[in-house]
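This report refers to the structure that appears directly beneath it.
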Amino acid sequence: MRTLIKYLVNSNSPIESVVVKGWVRTRRDSKGFSFLEVNDGSCLTNLQVMADANTVGYKDISRFTTGASVEIYGSLVESPAKGQKWELHPTEIKLIGPADSSYPLQKKGHSLEFLRTIAHLRIRSNLFGAIFRTRSKIAYAVHKFFQDRDFVYVHTPIITASDCEGAGEMFRITTLKGNIDENPQADFFGKPTYLTVSGQLEGETFACAFSNIYTFGPTFRAENSNTARHSAEFWMIEPEIAFCDINGDMNLAEEFIKEMARYMIQNNSDDLQIFEKFVDKQVRDRLKFVIERPFVRIQYVKALEILKNSGKNFEFPVEYGANLQAEHERYLTEEHFKSPVTVYNYPREIKPFYMRLNEDGKTVAAMDLLVPGIGEVIGGSQREERLDYLLENVKYHKLSPENYWWYIDLRKYGTVPHAGFGVGFERLLMFLTGVSNIRDVIPYPRTPGNADF
RNA sequence: UCCAGAGUAGCUCAAUGGUAGAGCAGCCGGCUGUUAACCGGCGGGUUACAGGUUCGAGCCCUGUCUCUGGAGCCA
């Protein structure tokens, strides 16, 4: 029976007989014996294997090169040298799949840019091993957070004919050839269809049946944005809560981000060490900061006041009706409050049609959650549950009510105050790992002009 | 999409308009406990692509592509 390396390097005692399978990271030869470093992806640490002339298969040791897959039989013993607690003394080593000298990964560090060009192999490196183990664990933590609070997980459709207004350009999907707009009725679905940009509207229908729901799945934006924070395909988490207003929404969002930071520190400390060492020395401090410091909540108009009185010379002007820029958000959280900040009640004209109009008739119950070093990590709102206000707002944003008939129906049949928010999963990972490019926290990134692998 | 920068060996980078080089990796040899092992040797290039200026271009000019940083949009 094969044992994963993470159980061996964390063992409490020697083990007489073990089988290890994995990939060679490096080999160091001396006269008559060799050290192999083997990794199977189960943890960051390599297992050191000391083979010598008594080991069956040692005559082929020169073929055990970096990148080769191996199967090793032997005993786990305490290592006499510094650097590792345990090492494997093999009775037999078997080469499963050789890797010739063209194998691109070396023992030395590579640039992230180069590693992106070999995305199918970069995952065998320490850093990307840590990143994608973290991605898996945090995905679990997301589910655990919501399931522990009785939220129902909903799989909203990937293919959609509706447009979550304001969310961005959509990818058209079609089986038609030639001019696809000539006769859309002849298309597979009998109408133009797209890849989803958000599961929110469908999520709201489920919240109006199950009370608390969340989505967690892929979304697609056809925006030609070429930045370290955007990807055409990314994963989004969208909780939706019935019988809830903007305050309950902000409570949940703040609790969520704190819990993710706490989970990272408590359950992923080995990988976090790599991020601290090679990616961002401040990442652990920033996580602690978000866990320990209370969130400050301020209204949009109050944020404008603070920015205007800051004495700072911002590149973009601070005025009512404009979105807060990255520089504004970072000033609020990093310099003024030195604390995570939630900004809420934004002007109606800069927010989408489904957000709830406040009593002042000018602002809507929208909120953005800002953290130091990153800026916005969560955006959400209380939804407009009043039928007449919603219809008016559809008109205000120049949309066609017939396209949203089922969404509007929710306000006709047992309407209820409800609210929710959206978290970009990759941006959450960037916050938790300190990795600064979204292309490095998603297995095979899709960006304008790039859909390799 | 806009602004700025970059593209030279497998990787990371040098090279005043005048003979394209180093370190690492790889390969060969040495070394009785290595840890990005160490020591000696060897091979490795259409300087992103296309054109132009020049006696002569990796270097200057034009275009294209790609990447990076920043911005907008946003998650």
Side-chain angles (χ1 to χ4, degrees), chain A residues 25-37 45-53 62 65-67 77-84 87 89 99-118 121 125-126 164 166-169 196-200 215-238 253 278 314-316 322-327 329 350-352 368-369 374-380 421-431 436-442 447-450 452:
Chain A
R25 282 290 177 81
T26 181
R27 189 183 83 232
R28 294 181 291 274
D29 294 323
S30 283
K31 178 80 173 173
F33 62 97
S34 298
F35 292 98
L36 290 171
E37 298 274 347
T45 315
N46 300 325
L47 180 67
Q48 176 164 286
V49 177
M50 204 204 82
D52 60 24
S62 66
T65 53
T66 302
V77 301
E78 230 165 307
S79 175
K82 280 183 186 166
Q84 59 283 315
E87 65 184 25
H89 287 187
D100 69 21
S101 62
S102 64
Y103 185 69
L105 280 176
Q106 302 170 8
K107 299 175 219 182
K108 302 201 65 160
H110 289 290
S111 66
L112 294 173
E113 292 80 29
F114 170 67
L115 290 169
R116 275 173 216 146
T117 68
I118 50 164
L121 297 174
S125 68
N126 283 341
C164 191
E169 291 295 311
T196 183
V197 292
S198 164
Q200 182 199 312
T215 72
F216 185 4
T219 46
F220 307 88
R221 306 268 168 100
E223 296 285 354
N224 186 16
S225 46
N226 237 310
T227 83
R229 289 202 161 76
H230 290 81
S231 171
E233 176 182 302
F234 63 100
W235 283 58
M236 192 148 63
I237 303 151
E238 294 177 291
F278 295 111
F314 293 113
E315 188 189 339
F316 289 89
N323 261 311
L324 295 184
Q325 303 295 322
E327 56 174 350
E329 296 180 342
I350 57 172
K351 291 292 180 183
D368 283 338
L369 197 148
I374 304 282
E376 182 187 333
V377 286
I378 292 181
F421 60 81
V423 191
F425 185 52
E426 285 75 20
R427 289 196 183 167
L428 176 64
L429 290 172
M430 290 166 74
F431 167 65
S436 60
N437 197 313
I438 197 168
R439 296 169 182 86
D440 297 327
V441 295
I442 193 163
T447 50
N450 189 349
D452 289 337

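Letters A, B, ... mirror the listed sequences (proteins, then strands); counts begin at 1. Every heavy atom of this structure was used, including side-chain atoms; hydrogens, water molecules and symmetry mates were not.
- Taking atom C1' on both nucleotides, B:G44 is separated from B:U32 by 34 Å, rounded to a whole Å.
- Residue contacts shown for A:E113 are limited to sugar-phosphate atoms, with no base heavy atom under 4.0 Å away.
- At the phosphate of B:C73, OP1 or OP2 sits under 4.0 Å from a side-chain N or O atom of A:Q325.
- Side chain A:Q48 to base B:U34: a donor-acceptor pair is found below 3.5 Å.
- Among the protein residues, A:N437 comes within range of the sugar-phosphate backbone only, with heavy atoms under 4.0 Å from sugar or phosphate atoms but none that close to a base.
- B:C49 and B:G43 have their C1' atoms separated by 28 Å, with the value rounded to a whole Å.
- Each of A:R28, A:R25, A:R27 was scored for a salt bridge (Lys or Arg N to Asp or Glu O under 4.0 Å) with A:E37, with one residue passing: A:R28.
- To the nearest whole angstrom, the two P atoms, one in B:C2 and one in B:A36, are 46 Å apart.
- Where A:R439 and A:E329 meet RNA chain B, the nucleotide closest to each residue was compared, and A:R439 sits on the side nearer the 5' end.
- At a threshold of 4.0 angstrom between heavy atoms, the contacts of A:E327 with the nucleic acid are absent.
- Side-chain atoms of A:Q84 come within donor-acceptor range of the base of B:U34, with a qualifying N/O pair under 3.5 Å.
- Using Watson-Crick or G-U wobble geometry with both donor-acceptor distances under 3.5 Å, B:C65 finds its partner in B:G7.
- Side-chain nitrogen and oxygen atoms of A:R116 include at least one within less than 4.0 Å of the OP1 or OP2 phosphate oxygen of B:U68.
- Look at the C1' atom in both B:U1 and B:G52: the space between them is 30 Å, to the nearest Å.
- Between the side chain of A:E223 and the main chain of A:E169, a donor-acceptor pair closer than 3.5 Å is present.
- Listed for the A:T219 side chain is no donor-acceptor partner under 3.5 Å among the backbone atoms of A:S198.
- The only option from A:M430, A:R116, A:E426 that meets the side chain to side chain contact (heavy atoms under 4.5 Å, CB included) definition with A:N437 turns out to be A:R116.
- A:H230 contributes a side-chain N or O that forms a donor-acceptor pair with the base of B:C74 under 3.5 Å.
- One P atom belongs to B:G45, the other to B:A9, and the distance between them is 11 Å to the nearest Å.
- Comparing B:A57 with B:A14, their P atoms are spaced 23 Å from each other, to the whole Å.
- Counting atom types as modelled, A:E223 pairs no side-chain N or O with a base atom of B:G72 as donor and acceptor under 3.5 Å.
- The gap from the C1' atom of B:G30 to that of B:C67 amounts to 42 Å, rounded to the nearest Å.
- Between A:S111 and A:K31, the residue whose closest nucleotide on RNA chain B is further toward the 5' end is A:S111.
- Remark: the separation of the C1' atoms in B:C11 and B:A25 is 7 Å, to the nearest Å.
- Contact check, A:N450 against B:U66: no side-chain N or O comes under 4.0 Å of OP1 or OP2.
- Across all strands, A:F316 comes closer than 4.0 Å only to sugar-phosphate atoms, never to a base (heavy-atom distances).
- The partner of B:G45 is absent, by the rule that a Watson-Crick or G-U pair needs both atom distances under 3.5 Å.
- Base pairing analysis places B:A20 opposite nothing; no Watson-Crick or G-U wobble pair with both distances below 3.5 Å involves it.
- Rounded to whole Å, the distance from CZ on A:R28 to C1' on B:A36 is 9 Å.
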